[in-house]
Undergrad: 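One structure, pasted below without further comment.
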Protein chains: 2
Amino acid sequence: MEEPTSTDTPAGCSIQASLDVLGDRWTILILRDSFRGVRRFDDFRRDLDIARPVLTERLKRLVDNGVLARHLYCERPPRYEYRLTTRGMALSPTLVALMRWGDDWLSEGAAPTVLVHEACGHPLDQQFVCWECDETFTPYDIASRPGPGSAAAH
Amino acid sequence: MEEPTSTDTPAGCSIQASLDVLGDRWTILILRDSFRGVRRFDDFRRDLDIARPVLTERLKRLVDNGVLARHLYCERPPRYEYRLTTRGMALSPTLVALMRWGDDWLSEGAAPTVLVHEACGHPLDQQFVCWECDETFTPYDIASRPGPGSAAAH
DNA sequence: TAGGTCAGTTCGGATTCTGAACCAAGTCGG
DNA sequence: CCGACTTGGTTCAGAATCCGAACTGACCTA
(Lines give C-alpha, C1' and ligand atoms only; values in the text may rest on other atoms or scores of the structure.)
Protein backbone atom coordinates (compact mmCIF):
# COMPACT_ATOMS: atom_id res chain seq x y z
CA MET A 1 0.00 0.00 0.00
CA GLU A 2 2.94 2.30 0.49
CA GLU A 3 2.88 3.30 -3.08
CA PRO A 4 4.06 6.78 -3.88
CA THR A 5 0.54 8.10 -4.07
CA SER A 6 0.48 10.27 -7.10
CA THR A 7 3.83 9.48 -8.65
CA ASP A 8 1.66 9.10 -11.65
CA THR A 9 2.74 5.55 -12.21
CA PRO A 10 2.26 5.05 -15.90
CA ALA A 11 1.58 1.44 -15.08
CA GLY A 12 -1.35 1.41 -17.41
CA CYS A 13 0.06 3.45 -20.19
CA SER A 14 0.50 0.34 -22.24
CA ILE A 15 -3.11 -0.50 -21.59
CA GLN A 16 -4.08 2.99 -22.56
CA ALA A 17 -1.99 2.75 -25.69
CA SER A 18 -3.68 -0.52 -26.55
CA LEU A 19 -7.07 1.02 -25.97
CA ASP A 20 -6.22 3.88 -28.28
CA VAL A 21 -6.07 1.26 -30.99
CA LEU A 22 -8.77 -1.15 -29.88
CA GLY A 23 -10.84 1.36 -28.00
CA ASP A 24 -14.40 0.34 -28.56
CA ARG A 25 -16.60 -2.68 -28.70
CA TRP A 26 -16.93 -2.79 -32.48
CA THR A 27 -13.21 -2.91 -32.99
CA ILE A 28 -12.87 -5.92 -30.73
CA LEU A 29 -15.76 -7.68 -32.41
CA ILE A 30 -14.16 -7.04 -35.78
CA LEU A 31 -10.99 -8.65 -34.51
CA ARG A 32 -12.92 -11.58 -33.14
CA ASP A 33 -14.35 -12.10 -36.61
CA SER A 34 -10.91 -11.74 -38.12
CA PHE A 35 -9.62 -14.56 -35.97
CA ARG A 36 -12.57 -16.61 -37.12
CA GLY A 37 -11.50 -16.04 -40.71
CA VAL A 38 -13.78 -13.24 -41.80
CA ARG A 39 -12.00 -10.94 -44.22
CA ARG A 40 -14.40 -9.03 -46.41
CA PHE A 41 -16.27 -5.85 -45.81
CA ASP A 42 -19.69 -7.28 -46.43
CA ASP A 43 -19.03 -10.38 -44.38
CA PHE A 44 -18.08 -8.26 -41.41
CA ARG A 45 -21.10 -6.12 -41.97
CA ARG A 46 -23.52 -8.99 -42.17
CA ASP A 47 -22.03 -10.93 -39.31
CA LEU A 48 -21.80 -8.02 -36.92
CA ASP A 49 -24.81 -6.12 -38.13
CA ILE A 50 -22.74 -2.98 -37.90
CA ALA A 51 -23.53 0.29 -39.64
CA ARG A 52 -21.45 0.71 -42.80
CA PRO A 53 -19.81 4.02 -41.97
CA VAL A 54 -18.73 2.68 -38.60
CA LEU A 55 -17.27 -0.43 -40.16
CA THR A 56 -15.43 1.66 -42.74
CA GLU A 57 -13.96 3.86 -40.06
CA ARG A 58 -12.95 0.98 -37.78
CA LEU A 59 -11.31 -1.00 -40.54
CA LYS A 60 -9.41 2.06 -41.61
CA ARG A 61 -8.20 2.64 -38.10
CA LEU A 62 -7.10 -0.95 -37.71
CA VAL A 63 -5.24 -0.78 -41.01
CA ASP A 64 -3.64 2.54 -40.04
CA ASN A 65 -2.46 0.95 -36.83
CA GLY A 66 -1.06 -2.07 -38.58
CA VAL A 67 -3.39 -4.57 -36.98
CA LEU A 68 -5.07 -5.47 -40.25
CA ALA A 69 -3.68 -5.25 -43.77
CA ARG A 70 -5.59 -4.57 -46.94
CA HIS A 71 -4.96 -7.22 -49.58
CA LEU A 72 -6.11 -7.07 -53.17
CA TYR A 73 -7.95 -10.29 -53.82
CA CYS A 74 -9.59 -9.41 -57.09
CA GLU A 75 -8.05 -7.40 -59.90
CA ARG A 76 -10.78 -6.66 -62.33
CA PRO A 77 -13.14 -4.91 -60.04
CA PRO A 78 -10.52 -4.01 -57.48
CA ARG A 79 -11.55 -5.68 -54.27
CA TYR A 80 -9.69 -5.78 -51.02
CA GLU A 81 -9.85 -7.99 -48.00
CA TYR A 82 -8.69 -7.32 -44.49
CA ARG A 83 -6.26 -9.75 -42.96
CA LEU A 84 -4.62 -9.92 -39.59
CA THR A 85 -1.00 -8.87 -39.59
CA THR A 86 1.59 -10.27 -37.21
CA ARG A 87 0.76 -7.43 -34.91
CA GLY A 88 -2.88 -8.37 -35.15
CA MET A 89 -2.18 -12.04 -34.52
CA ALA A 90 -0.38 -10.95 -31.38
CA LEU A 91 -3.74 -9.89 -29.99
CA SER A 92 -4.75 -13.51 -29.75
CA PRO A 93 -3.95 -13.83 -26.04
CA THR A 94 -6.12 -10.81 -25.33
CA LEU A 95 -9.07 -12.16 -27.26
CA VAL A 96 -8.63 -15.59 -25.75
CA ALA A 97 -8.51 -14.13 -22.26
CA LEU A 98 -11.67 -12.18 -22.94
CA MET A 99 -13.44 -15.20 -24.29
CA ARG A 100 -12.42 -17.39 -21.41
CA TRP A 101 -13.58 -14.85 -18.88
CA GLY A 102 -16.96 -14.78 -20.57
CA ASP A 103 -17.05 -18.54 -20.58
CA ASP A 104 -16.07 -18.86 -16.97
CA TRP A 105 -18.06 -16.08 -15.42
CA LEU A 106 -20.89 -15.00 -17.65
CA SER A 107 -22.14 -17.92 -19.63
CA GLU A 108 -25.18 -19.75 -18.49
CA GLY A 109 -24.23 -23.35 -18.95
CA ALA A 110 -21.42 -24.55 -21.11
CA ALA A 111 -19.01 -22.67 -23.29
CA PRO A 112 -20.15 -22.21 -26.89
CA THR A 113 -16.66 -22.69 -28.23
CA VAL A 114 -13.70 -24.58 -26.96
CA LEU A 115 -10.16 -23.72 -27.94
CA VAL A 116 -7.87 -26.66 -28.36
CA HIS A 117 -4.23 -27.38 -28.88
CA GLU A 118 -4.19 -28.13 -32.57
CA ALA A 119 -1.50 -30.78 -32.29
CA CYS A 120 -3.42 -33.02 -29.90
CA GLY A 121 -6.96 -31.70 -29.84
CA HIS A 122 -7.11 -31.20 -26.10
CA PRO A 123 -8.46 -28.02 -24.54
CA LEU A 124 -5.87 -25.38 -23.91
CA ASP A 125 -5.31 -23.30 -20.85
CA GLN A 126 -3.86 -19.83 -20.51
CA GLN A 127 -1.36 -19.29 -17.74
CA PHE A 128 1.23 -17.00 -16.32
CA VAL A 129 4.63 -18.59 -16.56
CA CYS A 130 7.90 -17.88 -14.82
CA TRP A 131 10.74 -19.29 -16.84
CA GLU A 132 13.14 -18.93 -13.94
CA CYS A 133 11.10 -21.01 -11.55
CA ASP A 134 9.75 -23.00 -14.45
CA GLU A 135 6.25 -22.96 -13.07
CA THR A 136 2.84 -21.59 -13.80
CA PHE A 137 0.92 -19.43 -11.38
CA THR A 138 -2.17 -17.34 -10.73
CA PRO A 139 -2.98 -13.63 -10.74
CA TYR A 140 -2.45 -13.59 -6.99
CA ASP A 141 1.24 -14.28 -7.44
CA ILE A 142 1.90 -11.28 -9.64
CA ALA A 143 3.68 -8.15 -8.57
CA SER A 144 4.52 -5.13 -10.70
CA ARG A 145 7.42 -2.78 -10.67
CA PRO A 146 8.53 0.14 -12.78
CA GLY A 147 10.23 -1.01 -15.92
CA PRO A 148 13.08 0.52 -17.88
CA GLY A 149 10.65 2.80 -19.66
CA SER A 150 9.08 4.23 -16.56
CA ALA A 151 9.11 7.84 -15.49
CA ALA A 152 12.41 7.31 -13.68
CA ALA A 153 13.74 9.97 -16.02
CA HIS A 154 12.32 12.58 -13.67
CA MET B 1 -32.43 -11.30 -40.13
CA GLU B 2 -32.07 -14.86 -41.35
CA GLU B 3 -28.85 -15.49 -39.54
CA PRO B 4 -28.12 -19.15 -40.30
CA THR B 5 -26.62 -17.99 -43.56
CA SER B 6 -23.01 -18.62 -42.71
CA THR B 7 -21.61 -21.25 -40.42
CA ASP B 8 -22.94 -19.03 -37.70
CA THR B 9 -20.38 -20.17 -35.16
CA PRO B 10 -21.27 -18.38 -31.99
CA ALA B 11 -17.56 -18.51 -31.31
CA GLY B 12 -17.58 -14.97 -30.12
CA CYS B 13 -20.64 -15.03 -27.97
CA SER B 14 -18.47 -15.24 -24.91
CA ILE B 15 -16.49 -12.31 -26.17
CA GLN B 16 -19.69 -10.45 -26.83
CA ALA B 17 -20.93 -11.30 -23.37
CA SER B 18 -17.68 -10.02 -21.92
CA LEU B 19 -17.98 -6.85 -23.91
CA ASP B 20 -21.48 -6.30 -22.64
CA VAL B 21 -19.88 -5.94 -19.24
CA LEU B 22 -16.58 -4.29 -20.12
CA GLY B 23 -17.79 -2.56 -23.22
CA ASP B 24 -15.94 0.67 -23.39
CA ARG B 25 -12.57 2.19 -22.80
CA TRP B 26 -13.43 3.82 -19.45
CA THR B 27 -14.53 0.55 -17.94
CA ILE B 28 -11.26 -1.09 -18.78
CA LEU B 29 -9.28 1.84 -17.45
CA ILE B 30 -11.27 1.69 -14.23
CA LEU B 31 -10.36 -1.96 -13.92
CA ARG B 32 -6.74 -1.21 -14.62
CA ASP B 33 -6.81 1.24 -11.74
CA SER B 34 -8.57 -1.30 -9.56
CA PHE B 35 -5.75 -3.74 -10.11
CA ARG B 36 -3.35 -1.00 -9.15
CA GLY B 37 -5.17 -0.59 -5.86
CA VAL B 38 -7.41 2.37 -6.55
CA ARG B 39 -10.71 2.00 -4.72
CA ARG B 40 -12.37 5.32 -4.13
CA PHE B 41 -14.57 7.40 -6.34
CA ASP B 42 -12.45 10.49 -6.23
CA ASP B 43 -9.22 8.60 -6.73
CA PHE B 44 -10.60 7.05 -9.89
CA ARG B 45 -11.83 10.39 -10.98
CA ARG B 46 -8.57 12.17 -10.43
CA ASP B 47 -6.43 9.44 -11.87
CA LEU B 48 -8.48 8.89 -14.98
CA ASP B 49 -9.68 12.43 -15.44
CA ILE B 50 -13.09 11.02 -16.19
CA ALA B 51 -16.35 12.93 -16.04
CA ARG B 52 -18.21 12.25 -12.82
CA PRO B 53 -21.49 11.08 -14.32
CA VAL B 54 -19.64 8.64 -16.52
CA LEU B 55 -17.66 7.28 -13.59
CA THR B 56 -20.84 6.90 -11.55
CA GLU B 57 -22.51 5.00 -14.33
CA ARG B 58 -19.53 2.74 -15.03
CA LEU B 59 -18.97 1.86 -11.40
CA LYS B 60 -22.62 1.04 -11.03
CA ARG B 61 -22.50 -1.22 -14.05
CA LEU B 62 -19.42 -3.02 -12.78
CA VAL B 63 -21.05 -3.52 -9.39
CA ASP B 64 -24.27 -4.74 -11.00
CA ASN B 65 -22.26 -7.25 -12.95
CA GLY B 66 -20.39 -8.45 -9.92
CA VAL B 67 -16.98 -7.32 -11.10
CA LEU B 68 -16.58 -4.78 -8.33
CA ALA B 69 -18.20 -4.76 -4.90
CA ARG B 70 -19.18 -1.74 -2.88
CA HIS B 71 -17.72 -1.81 0.62
CA LEU B 72 -18.61 0.59 3.39
CA TYR B 73 -15.34 1.94 4.68
CA CYS B 74 -16.65 4.82 6.73
CA GLU B 75 -19.82 4.82 8.81
CA ARG B 76 -20.52 8.36 9.81
CA PRO B 77 -20.59 9.96 6.47
CA PRO B 78 -21.42 6.75 4.68
CA ARG B 79 -18.60 6.19 2.25
CA TYR B 80 -18.06 3.28 -0.02
CA GLU B 81 -15.13 1.94 -1.88
CA TYR B 82 -15.06 -0.26 -4.90
CA ARG B 83 -13.09 -3.47 -4.71
CA LEU B 84 -12.45 -6.22 -7.17
CA THR B 85 -14.44 -9.34 -6.56
CA THR B 86 -13.24 -12.81 -7.47
CA ARG B 87 -14.95 -12.36 -10.78
CA GLY B 88 -13.10 -9.11 -11.24
CA MET B 89 -9.77 -10.63 -10.30
CA ALA B 90 -10.39 -13.20 -12.98
CA LEU B 91 -10.02 -10.43 -15.53
CA SER B 92 -6.35 -10.23 -14.73
CA PRO B 93 -5.24 -12.33 -17.72
CA THR B 94 -7.21 -10.05 -20.02
CA LEU B 95 -5.66 -6.90 -18.63
CA VAL B 96 -2.22 -8.44 -18.65
CA ALA B 97 -2.63 -9.53 -22.23
CA LEU B 98 -3.72 -6.06 -23.23
CA MET B 99 -0.79 -4.49 -21.44
CA ARG B 100 1.72 -6.84 -22.94
CA TRP B 101 0.41 -6.22 -26.41
CA GLY B 102 0.84 -2.51 -25.87
CA ASP B 103 4.33 -3.10 -24.54
CA ASP B 104 5.33 -5.34 -27.38
CA TRP B 105 3.76 -3.56 -30.31
CA LEU B 106 2.98 0.01 -29.48
CA SER B 107 5.49 1.36 -27.02
CA GLU B 108 8.36 3.37 -28.27
CA GLY B 109 11.27 2.00 -26.32
CA ALA B 110 10.94 0.03 -23.14
CA ALA B 111 7.89 -1.04 -21.22
CA PRO B 112 6.82 1.34 -18.47
CA THR B 113 5.88 -1.46 -16.13
CA VAL B 114 7.16 -4.95 -15.77
CA LEU B 115 5.09 -7.69 -14.22
CA VAL B 116 7.03 -10.16 -12.16
CA HIS B 117 6.51 -13.44 -10.42
CA GLU B 118 6.15 -12.29 -6.85
CA ALA B 119 7.91 -15.31 -5.43
CA CYS B 120 11.16 -14.79 -7.28
CA GLY B 121 10.98 -11.33 -8.79
CA HIS B 122 11.62 -12.45 -12.34
CA PRO B 123 9.51 -11.21 -15.23
CA LEU B 124 6.54 -13.34 -16.04
CA ASP B 125 5.30 -14.56 -19.35
CA GLN B 126 1.80 -15.41 -20.47
CA GLN B 127 1.37 -18.58 -22.47
CA PHE B 128 -1.07 -21.04 -23.84
CA VAL B 129 -0.66 -24.38 -22.12
CA CYS B 130 -1.74 -27.86 -23.01
CA TRP B 131 -1.80 -30.01 -19.91
CA GLU B 132 -2.02 -33.17 -21.96
CA CYS B 133 1.14 -32.52 -23.92
CA ASP B 134 2.55 -30.58 -20.98
CA GLU B 135 3.89 -27.88 -23.21
CA THR B 136 3.39 -24.23 -24.01
CA PHE B 137 2.59 -22.97 -27.47
CA THR B 138 1.72 -19.99 -29.65
CA PRO B 139 -1.46 -18.59 -31.19
CA TYR B 140 -0.60 -20.41 -34.39
CA ASP B 141 -1.14 -23.76 -32.71
CA ILE B 142 -4.68 -23.05 -31.64
CA ALA B 143 -7.77 -24.53 -33.21
CA SER B 144 -11.37 -24.02 -32.15
CA ARG B 145 -14.34 -26.27 -32.19
CA PRO B 146 -17.93 -26.01 -31.04
CA GLY B 147 -18.22 -26.68 -27.34
CA PRO B 148 -21.01 -28.31 -25.35
CA GLY B 149 -22.89 -25.02 -25.24
CA SER B 150 -22.88 -24.44 -28.96
CA ALA B 151 -25.95 -23.99 -31.09
CA ALA B 152 -26.30 -27.77 -31.39
CA ALA B 153 -29.27 -27.42 -29.07
CA HIS B 154 -31.29 -25.78 -31.84
C1' DT C 1 -19.07 30.02 10.98
C1' DA C 2 -16.34 29.23 7.02
C1' DG C 3 -14.10 26.15 4.28
C1' DG C 4 -13.00 21.54 2.73
C1' DT C 5 -13.85 16.49 1.38
C1' DC C 6 -16.34 12.90 -0.75
C1' DA C 7 -19.74 11.06 -3.66
C1' DG C 8 -22.73 11.90 -6.24
C1' DT C 9 -26.89 14.40 -9.65
C1' DT C 10 -28.59 17.72 -13.22
C1' DC C 11 -28.16 19.98 -17.32
C1' DG C 12 -27.07 21.74 -22.03
C1' DG C 13 -23.93 21.33 -25.72
C1' DA C 14 -20.64 18.46 -28.41
C1' DT C 15 -19.60 14.02 -30.20
C1' DT C 16 -20.79 9.62 -32.15
C1' DC C 17 -23.86 6.04 -33.84
C1' DT C 18 -27.29 4.60 -36.79
C1' DG C 19 -30.23 3.50 -40.80
C1' DA C 20 -31.53 4.78 -45.26
C1' DA C 21 -30.37 6.36 -49.48
C1' DC C 22 -27.06 7.04 -52.99
C1' DC C 23 -22.77 6.03 -55.86
C1' DA C 24 -19.35 3.56 -58.69
C1' DA C 25 -17.23 -0.23 -61.00
C1' DG C 26 -17.73 -4.44 -62.56
C1' DT C 27 -20.30 -9.01 -63.60
C1' DC C 28 -24.01 -11.91 -65.40
C1' DG C 29 -28.19 -13.29 -68.11
C1' DG C 30 -30.73 -12.68 -72.09
C1' DC D 1 -27.14 -3.45 -75.18
C1' DC D 2 -30.24 -3.48 -71.05
C1' DG D 3 -31.40 -4.28 -66.55
C1' DA D 4 -30.46 -6.65 -62.28
C1' DC D 5 -27.07 -7.84 -58.99
C1' DT D 6 -22.68 -7.73 -56.12
C1' DT D 7 -19.11 -5.47 -53.44
C1' DG D 8 -17.43 -1.70 -51.02
C1' DG D 9 -18.01 2.18 -50.07
C1' DT D 10 -19.94 7.74 -49.03
C1' DT D 11 -23.40 11.27 -47.50
C1' DC D 12 -26.80 12.80 -44.68
C1' DA D 13 -30.19 13.69 -40.94
C1' DG D 14 -31.91 12.25 -36.56
C1' DA D 15 -31.20 9.60 -32.26
C1' DA D 16 -28.40 8.10 -28.70
C1' DT D 17 -24.31 8.99 -25.95
C1' DC D 18 -20.70 11.48 -23.81
C1' DC D 19 -18.78 15.15 -21.54
C1' DG D 20 -17.63 19.30 -18.55
C1' DA D 21 -19.38 22.59 -15.47
C1' DA D 22 -22.10 23.63 -11.92
C1' DC D 23 -24.86 22.20 -8.13
C1' DT D 24 -26.30 19.24 -3.92
C1' DG D 25 -25.86 17.18 0.46
C1' DA D 26 -23.87 14.93 4.26
C1' DC D 27 -20.25 15.25 7.06
C1' DC D 28 -15.62 16.95 9.23
C1' DT D 29 -12.11 20.39 10.91
C1' DA D 30 -10.44 24.89 12.58
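Every chain is numbered from 1 and lettered A, B, ... according to where its sequence line falls, protein lines coming before strand lines. On a predicted model such as this, the values are computed, not experimentally measured, just so you know.
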Undergrad: For the pair A:Phe137 and B:His117, name the ring-plane relationship: parallel under 30°, tilted 30 to 60°, perpendicular over 60°.
TA: parallel
Undergrad: Does any non-hydrogen side-chain atom of A:Asp125 lie less than 4.5 Å from one of A:Thr136?
TA: no
Undergrad: Is there side-chain contact between A:Arg100 and B:Pro93, with heavy atoms separated by less than 4.5 Å?
TA: no
Undergrad: Using atom CG of A:Leu55 as one end and atom C1' of C:dA20 as the other, report the distance to the nearest whole Å.
TA: 17 Å
Undergrad: Start with the C-alpha gap between B:Asp47 and B:Arg32, add the side-chain angles, then the distance that decides, and say whether salt bridge (Lys or Arg N to Asp or Glu O under 4.0 Å) holds.
TA: CA-CA 11 Å; B:Asp47 190 66; B:Arg32 177 203 69 180; 3.6 Å; yes
Undergrad: Could you tell me how far apart A:Arg45 (CZ) and C:dA20 (P) are, to the nearest whole angstrom?
TA: 11 Å
Undergrad: Can you build the contact string for nucleotides 5-18 of chain D? Use B for base contact, S for sugar-phosphate-only contact, and - for no protein heavy atom under 4.0 Å.
TA: --BBBBB------S
Undergrad: Can a salt bridge be assigned to the pair B:Asp42 and B:Arg79 using a cut-off of 4.0 Å between side-chain N and carboxylate O?
TA: no
